[in-house]
Amino acid sequence: MQSSLYIKNVKGKGRGVFSRMSISKNALIEECPLIVLPTEEYGIVSSTHMVDYCFFFNREKEELAIVLGFGSIYNHAVSANAGHQIDKENKVMNFYATTDIKAGEEICINYTGDSGDDSMQWFTDRNIIYRP
């Protein structure tokens with residue numbers, strides 16, 4: 001699947017991830033390796049723009065992870081067509097289709113982790129005005 005993925009600029013959002021092929025609901029879109037940052041680097045990273053491209057690996061320990069592949073480029077949508085899940089043991093993040101996705105359609109995740117969750121906390125924490 002990854003070879004069919006590509007990045008394209010999306011008006012008002014920046015770069016986004018798309019697929020040249022249709023993707024069936026529940027299909028694995030991408031398995032992305034993670035680089036887990038040590039807890040002691042949390043303060044440093046979260047004071048930079050880099051934090052916008054990280055995911056929590058372990059929130060309680062304040063461990064962030066850089067997601068390789070296209071993982072850190074997926075845009076947000078309240079009603080996302082994709083989901084993501086961390087496999088801590090293998091240090092990968094899996095992205096999967098939650099609906100059928102047409103070729104050329106942007107692949108979006110919900111930054112809260114739950115499609116339909118309309119919380120804007122991720123954006124307000126960063127002083128970003130989100131315009132769907």
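Side-chain N or O atoms of Asn110 include one that pairs as donor or acceptor with a backbone N or O of Val78 at under 3.5 Å. Of the possible polar contacts, none joining the Asn90 side chain to the Val92 backbone as a donor-acceptor pair under 3.5 Å is found. Listed for the Ser72 side chain is a donor-acceptor partner under 3.5 Å among the backbone atoms of Tyr53. Looking only at distances, no side-chain donor or acceptor of Thr98 sits under 3.5 Å from a matching main-chain atom of Gly83. In this structure, the side chain of Ser19 does not engage the main chain of Ala103 through any donor-acceptor pair within 3.5 Å. Proximity of a side-chain donor or acceptor of Asn75 to a complementary backbone N or O of Cys108 within less than 3.5 Å is not detected.
Ion pairing of Lys8 with Glu106 is absent here, as no side-chain N (NZ or NE/NH1/NH2) approaches a carboxylate O to less than 4.0 Å.
Note on ring orientation: taking the six-membered ring where Trp is involved, the planes of His84 and Phe95 are parallel (angle under 30°, cut-offs 30° and 60°).
Pro38 meets the side chain to side chain contact (heavy atoms under 4.5 Å, CB included) test with Glu40, Glu41; sequence neighbours excluded. Residues passing the side chain to side chain contact (heavy atoms under 4.5 Å, CB included) test with Ile7, sequence neighbours excluded: Arg15, Phe70, Ile73. Listed by chain and residue number, nothing satisfies the side chain to side chain donor-acceptor pair (under 3.5 Å) test with Glu62 (two or more places apart in sequence, or in another chain).
The minimum heavy-atom distance linking Cys54 with Val45 is given by the pair SG-CG1, 4.1 Å. Nearest approach of Tyr74 to Ile29, heavy atoms of both residues: OH-CG2, 3.6 Å. Of all the heavy atoms in Val67 and Cys32, the pair that sits closest is CG1-CB, 3.5 Å.
Other residues, nucleotides and ligands place no more than 12 heavy atoms under 6.0 Å from the CZ atom of Arg59. The number of heavy atoms from other shown groups lying within 6.0 Å of NZ (Lys91) does not exceed 12.
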